[in-house]
Amino acid sequence: MNFDVERERARFPALHQQVWNKPLTWLDSAATTQKPDVVIDAEAAFYREDNANVHRGVHALSARATQKFEAGRDKIAKFLGAAESREIVLLRGTTEAVNLVANTWGTANVKAGDEIAISGMEHHSNIVPWQMLCQRTGATLRVLPYDDRGVLDLDAARTIIGPKTKLVGCVHVSNALGTVNPVRDLAALAHAQGAVMLVDGAQATAHVPVDVVGMDIDFYAMSGHKVYAPTGIGALYGKAKLLEAMPPWQGGGDMIRSVTFEKTLYAAIPAKFEAGTPNVAGVIALGVALDYLGSLDREAMYAHEDDVLAYGTERLLEIPGLRMVGTAPQKVGVLSFVIDGVHPHDLGTILDRHGIAIRTGHHCAQPVMAHFKIPATARASLGLYNTRADIDRLIDGLLAAIKVLR
Ligand code: PLP
């Protein structure tokens, strides 16, 4: 097998449109990926043929919806390398997954004097829930530093992660820098101190293999929309023994075994954390997106993405006054940069007129911007469907924008 990018591009209908009378060049996959036909069709087919609520009905459609929904959970478990499907909690996405851990595991296990250690390159969704927990409990938030390439300082991590540490949190792949972090090493450091390891996998699932058991991760958060599936669906992987010991968070239907006005007995995992009607179509479509990825030669796909990333880096550096932000040797998917004398927002606006979609701003990682002493970057981010030709269009667009803006 190998990876034929043109064949795969043809499967993503949104890529084949004109914006401002120019062919769309989608370089914003870190914000959200485009969706292949099979995913769009799966979502529509659910509403056309199977639409019913899950887990409660005795009729045929509910049974069918439940079977497909649970098959989606099985596919996510397999994709992440989980030992069992009941270790997969189906949620809105990474943000909700981290908040769930902070509000359940955190409330039960963190007290005044304890420490939570997170990397300095986290997305706000893996910072703010821990700050809120620290405010509630009197625990302290510690930050694991990184260097000016965006490489985590493991020696510093060894001195910060200590007996007071209860949880280590780290982004698997940074959305602002593209760094692939050594989460297996961090997990070993955490476990040596009796702490648990939470990984924000939002940006990783599309670009690197994930193996939660092999990496010995305790909690792994992901978002479907970053991996060619719909928005509003994602998952939290948690080791069964941790999930079982955690109190529930949201109360409601589906998460109970029995309810009286005196007492409620909770359901077993994962239902204990899945109050209310879930995004049934989203789970099924996420399963289809993972099937789609599974049908590809993933090694060849990663090699293709590496090639476009390397080509993009090389070509961007031809632009006078351009500085790459995030130059870690282990890097995927993201080309973040600033250009002397040009504001990233202006660049983004002009590129849009050329049909080129990039992201500009702080990328929900303001501490990363503070580290590099910049307010914002321009970020071109890649999906499996991007090509060297997309990079060439980006460079032409940037050169045209600079002429106008400088
Ligand atoms: N973490 C990282 C690294 C991200 O890039 C994102 C989204 O941009 C998130 C977390 C939040 O994901 P979601 O908005 O899908 O919950």
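Both backbone and side-chain heavy atoms feed into the values below; hydrogens, waters and symmetry mates do not. We count ligands from 1, going down the list as the structure has it; atoms in each ligand are counted the same way.
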Problem - Charged N-O contact under 4.0 Å between R315 and D396 - result: no
Exercise for the section: Taking only Lys NZ, Arg NE, NH1 and NH2, and the carboxylate oxygens of Asp or Glu, determine whether E244 and R86 approach each other closer than 4.0 Å. Expected result: yes
Problem - Under-4.0 Å heavy-atom contact with ligand 1, by part of T94 that carries it - result: both
Exercise for the section: Tell me which part of H225 gets within contact of ligand 1: side chain, backbone, both or neither, using heavy atoms under 4.0 Å. Expected result: side chain
Practice task
For the pair H207 and H172, evaluate ring pair (Phe, Tyr, Trp, His ring centres under 6.0 Å) and give the outcome as yes or no after the intermediate values.
Solution key: CA-CA 10 Å; H207 303 293; H172 196 174; over 10 Å; no
Problem - Closest candidate by heavy atom, reference atom 14 (O) of ligand 1, pool T95, N175, N99 - result: T95
Problem - S125 heavy atom under 4.0 Å from ligand 1 - result: yes
Exercise for the section: State if K226 counts as touching ligand 1 under the rule of any non-hydrogen atom under 4.0 Å. Expected result: yes
Handout entry: The single option from Q67, R73, K68 passing side-chain hydrogen bond (donor to acceptor under 3.5 Å, both in side chains) against E70
Key = R73
Practice task
Would you please classify the geometry between the Y146 ring and the H371 ring as parallel, tilted or perpendicular, with 30° and 60° separating the classes?
Solution key: parallel
Problem - Spacing of D200 atom CG and S223 atom OG [to the nearest 0.5 Å] - result: 7.5 Å
Practice task
Consider every N or O of S223 and every N or O of ligand 1, then say whether any pair is closer than 3.5 Å.
Solution key: yes
Among protein heavy atoms, which lies nearest [atom], and at what distance?
| atom | result |
| --- | --- |
| atom 4 (C) of ligand 1 | H123 CD2, 3.3 Å |
| atom 1 (N) of ligand 1 | D200 OD2, 2.5 Å |
| atom 5 (O) of ligand 1 | Q203 NE2, 2.7 Å |

Practice task
Examine the side chains of S29 and Y385 and answer whether a donor and an acceptor come within less than 3.5 Å of each other.
Solution key: yes
Handout entry: V171: numbered ligand 1 atoms lying under 4.0 Å from its heavy atoms
Key = 3 (C)
Fill in the blank from the handout: Taking only non-hydrogen atoms of A202 and a 4.0 Å limit, the atoms of ligand 1 in range are 1 (N), 2 (C), 4 (C), 6 (C), 9 (C), 10 (C)
Problem - Sidechain-backbone polar pair: D114 side chain, K111 backbone, donor-acceptor under 3.5 Å - result: yes
